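As the structure is a computational prediction, the values presented were derived from the model and not from experiment. So you know, we letter chains A, B, ... as the sequences are listed, proteins then strands, and number each from 1.
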2 protein chains.
Amino acid sequence: MKQSSSAQSRSQPEIAEVSDAPLRQFMGYHIKRAFNVIQADLNDVLKTFELRMVSFSVLVLIVENPGIRQSQLSSALAIERPNLVVIIDALEKRELIVRDRLLTDRRAYLLQATMAGDQLCEKALRAINTHENKLFEGIDAAMRSTVVQAMRTIEAQS
Amino acid sequence: MKQSSSAQSRSQPEIAEVSDAPLRQFMGYHIKRAFNVIQADLNDVLKTFELRMVSFSVLVLIVENPGIRQSQLSSALAIERPNLVVIIDALEKRELIVRDRLLTDRRAYLLQATMAGDQLCEKALRAINTHENKLFEGIDAAMRSTVVQAMRTIEAQS
DNA sequence: TATTGTTATACTCTATAACTATA
DNA sequence: TATAGTTATAGAGTATAACAATA
């Protein structure tokens, strides 16, 4: 034991191995630790495409939902409208998406991906898929399915 | 179909329901969505104790590992040393922890919880436990165990 | 009056470089 | 020379208020 290795007037126990046991009782803690790893891996992959987690999600939703409005994106991804503006601006500047005025409501914009945006999105989706398969290779299909089911249950609690 | 509801010169399909289907193929996306809910709930509980996720984790590790150094805390929780300083300062100011000079290495501090810190920690742990049970009540023991196992597998990949 | 997108701004969280005191 | 803790600062990420244009 390291505890008795130094002979001071007062005992000053030094910690050899840090224990996080009290936090391990919480499923939320395990999920956070795991998500940190996933996020690091994801950001690594996305860096290749000059995208971040948020801008990638935005691009995907625009590709998947052609004609989506910024306000819809905002609520779907829980991003505040003002923060979405700079993300959209960047994607537009890179010519991955276009803003079209909605003719029936001139306040709104319809967002659509360009061909370049479509292609980048597809490439990114494939790359992430590859990385997830690698990251989750120790987790079999049944477990993955259970995890997804559990996550959906939690998500529905909000 | 909403798509044909407006008759403009160019078709401007409006999205009625936003689909995030391409993201749902990723376990990481499900985990993120679920974690958002968990984090919101956790922060809500911790607000009662004037703690945040990080300061709570720090307090728990100090209670669990009496005599831990800031550098050990830093690497255990992946917090940069400079950022840890302000967290420790705040906990010390609230007299939840104390900093003691390590007699054998006067560069370092040993961190220990006070009685008040101990008690606050215990109360917070119990409160979080209660909230987690509520949040995860739709998930049975077998599923929870599977989730934890999967999260540990992912965490080990880093 | 309410909504869409925007601007400006502030606040939190995290990251980096450089310092001090000790080893 | 290297390490523990600190300071200052910069950069993300996120949140809020107020505005113009439009409904």
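Classified by interplanar angle (parallel below 30°, tilted 30° to 60°, perpendicular above 60°), the ring pair B/F56/A/F26 is tilted.
Nucleotide D/dT22 holds its C1' atom 14 Å from the CG atom of A/L103, rounded to whole Å. Per the geometry, NZ belonging to B/K32 stands 11 Å off C1' belonging to D/dG13, to the nearest Å. Computed from coordinates, the B/Q70 CD to D/dT3 P distance equals 17 Å when rounded to whole Å. Rounded to a whole Å, the CE atom of A/M53 is 14 Å from the C1' atom of C/dC13. The interatomic distance linking A/E80 (CD) with C/dT6 (P) rounds to 15 Å, in whole Å. To the nearest angstrom, P of D/dG5 lies 13 Å from CG of B/D100. For the pair A/L84 CG and D/dT16 P, the interatomic distance rounds to 16 Å; values are reported in whole Å. A straight line from CZ of B/R69 to P of D/dT3 spans 12 Å, rounded to a whole angstrom.
For A/R106 and D/dT22, a side-chain-to-base donor-acceptor distance below 3.5 Å is absent, hydrogens and geometry of angles not being considered.
The residues B/R126 and B/E132 are annotated as not salt-bridged, no charged nitrogen and carboxylate oxygen being separated by less than 4.0 angstrom. Taking a cutoff of 4.0 Å between a charged side-chain nitrogen and a carboxylate oxygen, B/E137 and B/K134 qualify as a salt bridge. Ion pairing between a basic and an acidic side chain is recognised when a charged N comes within 4.0 Å of a carboxylate O; A/R99 and A/D89 show such pairing.
Distance from the side chain of A/P82 is smallest for D/dT16 among the nucleotides D/dT6, D/dT16, D/dT14. The A/R107 side chain lies nearest to D/dT22 when the options are D/dT6, D/dT22, C/dG5. Of all nucleotides listed (D/dG5, C/dC13, D/dA12), D/dA12 comes nearest to the side chain of A/R52.
In terms of position along DNA chain C, the nucleotide closest to A/A108 lies nearer the 5' end than the nucleotide closest to the other residue of the pair A/A108 and A/N83. Residue order along DNA chain D, read from the 5' end via each residue's closest nucleotide, puts B/I88 first among B/I88 and A/V86. Nearest-nucleotide assignment on DNA chain D puts the 5′-proximal partner with B/L110, out of A/V54 and B/L110.
Using a 4.0 Å heavy-atom cutoff across all strands shown, B/D105 reaches sugar-phosphate atoms only and no base atom. Looking at heavy-atom distances under 4.0 Å, A/R81 makes contact with a base.
Contact annotation: A/S71 side-chain N/O to C/dT3 OP1/OP2 distance is not under 4.0 Å. Here A/Q72 does not reach the OP1 or OP2 of C/dT4: none of its side-chain N or O atoms lies under 4.0 Å away. Dashed line: the shortest gap from a side-chain N or O of B/R101 to OP1 or OP2 of D/dA4 is not under 4.0 Å.
Residues B/E95 and B/T114 bring no donor and acceptor atom of their side chains to less than 3.5 Å of each other. Checked by atom type, the side-chain pair B/Y109/B/R69 shows no donor-acceptor distance below 3.5 Å.
Applying the 6.0 Å contact sphere to CZ of A/R81 captures no more than 12 heavy atoms from other residues, nucleotides or ligands.
Listed in residue order, the members of residues 36-50 of chain A having a heavy atom less than 4.0 Å from DNA chain C come to none.
Although no hydrogens or angles enter the test, the distance criterion places no donor-acceptor pair under 3.5 Å between the side chain of B/D44 and the main chain of B/A40.
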